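In what follows, chains are A, B, ... by sequence order, proteins preceding strands, each numbered from 1. Fair warning: this is a prediction, and the values are worked out from it, not measured in the lab.
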There are 2 protein chains.
Amino acid sequence: MSRHQKRVTLEEVARVAGVSRATVSRVVNGVTSVDENIRQTVERAISTTGYLPNLAARALVTRRADAIALVLPSENRIVGDPFFTRIVRGVSTVLRPLGVHLVLMMTGADTGEQVIADLRQGRLDGVILVHTYQADPLPGLLVRNRQPVVLSARPAEPIPITYVDVNQTAGGALAAEHLVARGCRRVATITGSLDRPPGQDRLAGFRDAMAESGQPGVVSVEGDFTRESGAAAMERLITEHPDVDGVFIASDLMAEGALPVLRRHGRAVPDDIAVVGFDDSSAALSCDPPLTTVRQPVEDMAAEMARQLLRQVEQVDTPVRSVIFEPSLVVRQSA
Amino acid sequence: MSRHQKRVTLEEVARVAGVSRATVSRVVNGVTSVDENIRQTVERAISTTGYLPNLAARALVTRRADAIALVLPSENRIVGDPFFTRIVRGVSTVLRPLGVHLVLMMTGADTGEQVIADLRQGRLDGVILVHTYQADPLPGLLVRNRQPVVLSARPAEPIPITYVDVNQTAGGALAAEHLVARGCRRVATITGSLDRPPGQDRLAGFRDAMAESGQPGVVSVEGDFTRESGAAAMERLITEHPDVDGVFIASDLMAEGALPVLRRHGRAVPDDIAVVGFDDSSAALSCDPPLTTVRQPVEDMAAEMARQLLRQVEQVDTPVRSVIFEPSLVVRQSA
DNA sequence: TTGTACGCGTTATCAT
DNA sequence: ATGATAACGCGTACAA
């Protein structure tokens, strides 16, 4: 069992079973056209020899690496903690049973070329791109090369690429409806970056749902999804509109920055001001009080990304597709 | 450049360059005994053809997968956010330039067998085990099989295995010295799980340094590294010893749970009570006020783990070794 | 220094 | 249903 043990090959199993390599290979790969008696003999030989197929040899002929890459931004203030864990967990649930490796890559200077090279060198079957930045040329490049690829969100530029996303608009609406149902009358929002789809959509969904509830024209202050921007935005909001009694903050991280500001201004949460976040990140739990927030079904979304990718790997030129998941509201103590 | 482009092999490059496959192979692998003129010709041929070596074929003959696994616990309340990112970043800095893939595995029911199988099937060259749980049989199993493996911390059981760790004792001492230097007179500590090395060592280092500073016999309450245990421990501490003016909490996560308790008891941080954490996790920054904490050089440690692993991969039976890094104190506002 | 030829362990084609 | 045998693309003794 040591690293230097004699390797067990198809050849040896064949000798032990008294058949040819081809037959053993058929048994290993579950080909049905094998006599039942012979199959059993072979299987016995396999277990007595402790045979395991050499995957490099297999990959050489099948042209499958049985490995896919998960590419994510190295500055992960965006992709927060449980978020990341949940993505890996979701992807793994579909990859693991199939014996497909998950290769992790943080974006760096040469990530793009690296990925394409790995793809061409047969070390990678496809790529899942998480949170690519605005002007990332990689998605387009992969699409042009007809390589299997899936995005974790709707791309800023409309290119023909498969992606999985949450219904951001519905998420904003959930927040609005909760604040209204709670009895908030002067509601505002701290938005994410408005030059990015999530920022835009969450705001739009929130606005529309508020209007629908008879409170059109909500006040909004723009943040950029960072903790600091959340604090700054809340400072501005509380100063310019001291009478707000409910606020939707488009990310938990911003909410985490905003809560201490409220505390310093002597506002109690949720009694004076109700707060709803977005993401259900670890930040939501570390807030005081714990954050009511909009949760994305990240595990499910990640699993779907994996499935979509494998579909492309198995069959070239699979039609582009997008799958949208519905968010839910996690009610804790901030609203 | 599409997925179905004609593959470029050594053979073709050889034809274009007018030499043999072997010579091209030598150029690709940087063998020095190649005539300079021929080398240039070959290199031209390589770039005009766009040749890239097929790594499955190479792996088949070299018996190297050029891939290592990073195994980490799926419940990552322990391995917090930036922690994880920093590990990956550190490991990648040494792996990436060498073209070695980082395969991510969250521990699950069959992770152990999976890893050994992958090792034996030639898909993996070695394993980095992060935060294995107490009774994990995997480390011992890998050692017995003489497989390349590195641990992220000193193992609970003393088995002959290579590991990288931070000087936990020194970390506890750093916290003690800072609290003393700050003028705290009645100092206490909330420990981590005392059945695990980090919990024990941080406490021991703290105790000894306090004694050294003329304050022996510090009060200690045991937690288990979770946020909730931090809150509970602080509740007990503040009730039983209302006069404490400084506390070392053995993890930021516990500190995060403890701070709101102090606030509810009307204690101001750091004026009434100074607080020092441990880890410099994301929790440290989300605390209000931001946490003064002990920081481990995680990137450096991770890079070292990768180096130690590769050393074992390159040369079988490398002597076991342990590398200890020194922590540092990050002073913020809680102490 | 260069080329020939063999082996790495599978899968897949084609007779039988 | 089974067994030769030919790829798959590369590294590397060995010979020249």
ask   = Rounded to the Å, how far apart are B:L55 CG and D:dG9 C1'?
value = 11 Å
remark   = Here the pair of heavy atoms bringing A:M106 nearest to A:T111 is O-OG1, 3.6 Å
task = Decide whether A:Q312 and A:Q308 meet the rule of one side-chain donor and one side-chain acceptor closer than 3.5 Å.
result = no
ask   = Looking only at heavy atoms, what is the nearest atom pair of A:Y163 and A:A153, with distance?
value = CB-O, 3.6 Å
query = What is the nucleic acid contact for A:I38, judged by heavy atoms within less than 4.0 Å: base, sugar-phosphate only, or nothing?
reply = sugar-phosphate
query = Taking all non-hydrogen atoms of both residues, which atom of B:P53 and which atom of A:Q121 are closest, and how far apart?
reply = O-NE2, 2.9 Å
note = For B:G126 and B:L309 the tightest heavy-atom approach is C-CD2, 3.9 Å
inquiry  = What is the distance, to the nearest angstrom, from the CD atom on B:E11 to the P atom on D:dC10?
reply    = 10 Å
inquiry  = Please report the distance, rounded to the nearest Å, between CZ in A:R120 and P in D:dG9.
reply    = 13 Å
request  = Between C:dA12, C:dT1, D:dA1, spot the one nearest the side chain of A:A22, thanks.
outcome  = C:dA12
query = Atom CZ of B:R15 to atom P of D:dG9: distance rounded to whole Å?
reply = 13 Å
query = Quick one: B:R39 CZ to C:dT1 P, roughly how many Å, whole number?
reply = 11 Å
Atom pairs, protein N/O to nucleotides 6-9 of chain C N/O, distance under 3.5 Å:
from: C:dC8; atom 1: O3'; to: B:R63; atom 2: NH2; distance (Å): 3.1
from: C:dG9; atom 1: OP1; to: B:R63; atom 2: NH2; distance (Å): 2.5

query = CZ of B:R26 versus P of D:dC10: gap in Å, rounded?
reply = 15 Å
request  = Determine whether B:N29 and B:R58 make a side-chain contact, defined as any pair of heavy atoms from C-beta on separated by less than 4.5 Å.
outcome  = yes
ask   = Base, sugar-phosphate, or nothing: which does A:V28 touch, judged by heavy atoms less than 4.0 Å apart?
value = nothing
inquiry  = When you compare the side chain of A:V34 with that of A:V42, does any pair of heavy atoms fall below 4.5 Å?
reply    = no
query = Can you check whether B:S25 has a side-chain N or O nearer than 4.0 Å to OP1 or OP2 of D:dG11?
reply = yes
Base D:dG11 paired with B:R64 side chain (donor-acceptor, <3.5 Å) = no
ask   = A:N29 CG to C:dT10 C1': how many Å, rounded?
value = 9 Å
